[in-house]
Engineer: 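I am attaching a structure below and will ask some questions about it afterwards.
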Amino acid sequence: MKRTGIALLLAWVLLLSACGEKPAEPFRSEFLAMDTVMYLTLYGEAGERASALVQERVEALEGLLSVTDEGSDLYAANHSGGQPVTLHGETAALLERALALCDETGGALDVSIYPVVRAWGFTTGKYRVPGEAELEALLEKVDYSRVALDGGALTLPEGMELDLGAVAKGWTGDALMELLAEAGVSSAIVELGGNVQALGARPDGTPWRVAVQAPDGSGYAGVLEIVDRAVITSGGYQRCFEQDGETYWHIIDPATGRPARSGLTSVTIVAEEGVVGDALSTALFVLGREGAEQLWRERGGFECILMEEDGTVAVTQGLEDSFSLYGDWVDHPLEIIRK
Ligand code: AMP
Ligand code: MG
């Protein structure tokens, strides 16, 4: 199963046009990037020119961060055989940020999970269920705290490999918000495979309305109103396969090396920074509701929507007025998580 970006974009369009006043015509474009489709909706005269800059910027970042592209920094790191490698400034800056977020989530996010992710076939799409002994051996190579980063100099212990898949799109979104503002775009919404990032408000000053996907494939579960925020969703439904009646997904619990089964089916983070939203959406999916609530209370700096296996939707209090259930989901239990 792949991400359903087209459906998400259509939802905005429907919602936008359902809201009375007709906004100025945006410049829209889409292109393939980072293994998914990227959709841009840019308002202001600079839109068309900025769209070309966006594509260049995304391709440059992909060139640094891809695990499969032989010219990337990550490829060099993952084939370094224990020797130090010099990273480009931006790769080092992202990795430093990501390592801090691994720490803040108690290792629920672990950017050294790549050997395990690959064993399950999530990199190539050649899915398989690894055996217990294989996973145990691979987990010995997973521990972000052994990644040594000193400025641009990275040393990975032999056999260890990095995967920035859980944070790269959020980082990219942040870079694009900066680029668009500098290029003179006043108002924009960018979607990159499950990540939505908004620059400013809609041109008429009202919030963007972003649809949140139902994890059971029934369309949209909710609608969120945002201004200048990243809305980032991690869900087991986004990339998964079935074998012998079991479903396995791409978000791995670093404690077990298996797809995280925490009772959550989807986590949406609302944050100022995409990189934080992206890291936390993955981490909270691993942590489950209790751990997620604890991190929200103790760390703060984000709001979230948690969807549980029994259909309950729980949202943190900062979203109480901006989130509502939608369509088939209006009758689902909605709980507010308070401080
Ligand atoms: P996301 O879609 O942002 O939740 O990121 C999921 C991707 O990050 C997966 O496709 C893997 O490449 C990688 N990944 C899976 N589990 C973890 C984890 N616990 N920590 C860090 N990266 C992970
Ligand atoms: Mg993520």
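In this text, all values refer to a predicted model and were calculated from it rather than measured experimentally. Ligands are counted one by one from 1 in listed order, and the atoms in each one are counted from 1 as well.
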Engineer: Judged by modelled atom types alone, do Ser29 and Ser51 share a side-chain donor-acceptor pair under 3.5 Å?
Structural biologist: yes
Engineer: Quick check on the Mg ion (ligand 2): does Ala166 put an N/O/S atom closer than 2.8 Å to it?
Structural biologist: yes
Engineer: Under 2.8 Å from the Mg ion (ligand 2), is there an N/O/S atom belonging to Thr282?
Structural biologist: yes
Engineer: Identify which of Cys102, Ser234, Ala98 has a heavy atom lying nearest to atom 4 (O) of ligand 1.
Structural biologist: Ser234
Engineer: State which residues pass side-chain contact (heavy atoms from CB on, under 4.5 Å) with Leu139; sequence neighbours excluded, sorted by chain then number.
Structural biologist: Val116, Val142
Engineer: Output yes when Glu303 and Arg229 qualify as a salt bridge under the 4.0 Å nitrogen-oxygen rule, no when they do not.
Structural biologist: no
Engineer: Is any NZ, NE, NH1 or NH2 atom of the basic residue among Glu320 and Arg338 found under 4.0 Å from an Asp or Glu carboxylate oxygen of the other?
Structural biologist: yes
Engineer: For atom 6 (C) of ligand 1, tell me which residue out of His250, Arg118, Lys169, Arg239 has the closest non-hydrogen atom.
Structural biologist: His250
Engineer: Ser281 to ligand 1: N or O pair under 3.5 Å?
Structural biologist: no
Engineer: Counting heavy atoms only, name the option from Leu164, Val267, Asp163, Val117 that's nearest to atom 12 (O) of ligand 1.
Structural biologist: Asp163
Engineer: Above 12 or not: heavy atoms from other molecules or residues under 6.0 Å from NE2 of His332?
Structural biologist: yes
Engineer: Does Glu104 pair with Arg97 as a salt bridge, N-O distance under 4.0 Å?
Structural biologist: no
Engineer: Within 45° of the six-membered ring axis of Trp296 and under 6.0 Å from that ring's centre, is NZ or CZ of Lys339 located there?
Structural biologist: yes
Engineer: Output yes when the distance from some N or O of ligand 1 to some N or O of Gln238 is under 3.5 Å, and no in every other case.
Structural biologist: no
Engineer: Considering Val142, Val67, Thr36, Asp278 one by one, which has a heavy atom nearer to atom 3 (O) of ligand 1 than any of the others?
Structural biologist: Asp278
Engineer: Looking only at distances, can you tell me whether any N or O atom of Ile252, backbone or side chain, sits closer than 3.5 Å to an N or O atom of ligand 1?
Structural biologist: yes
Engineer: Looking only at heavy atoms of Ala260, does any of them come nearer than 4.0 Å to an atom of ligand 1?
Structural biologist: no
Engineer: Among Ile232, Thr282, Asn195, Val286, whose heavy atom sits nearest atom 1 (P) of ligand 1?
Structural biologist: Thr282
Engineer: Applying the 4.5 Å side-chain criterion to the ILVMFWY set and letting contacts propagate, would Trp171 and Leu284 be lumped into a single cluster?
Structural biologist: yes
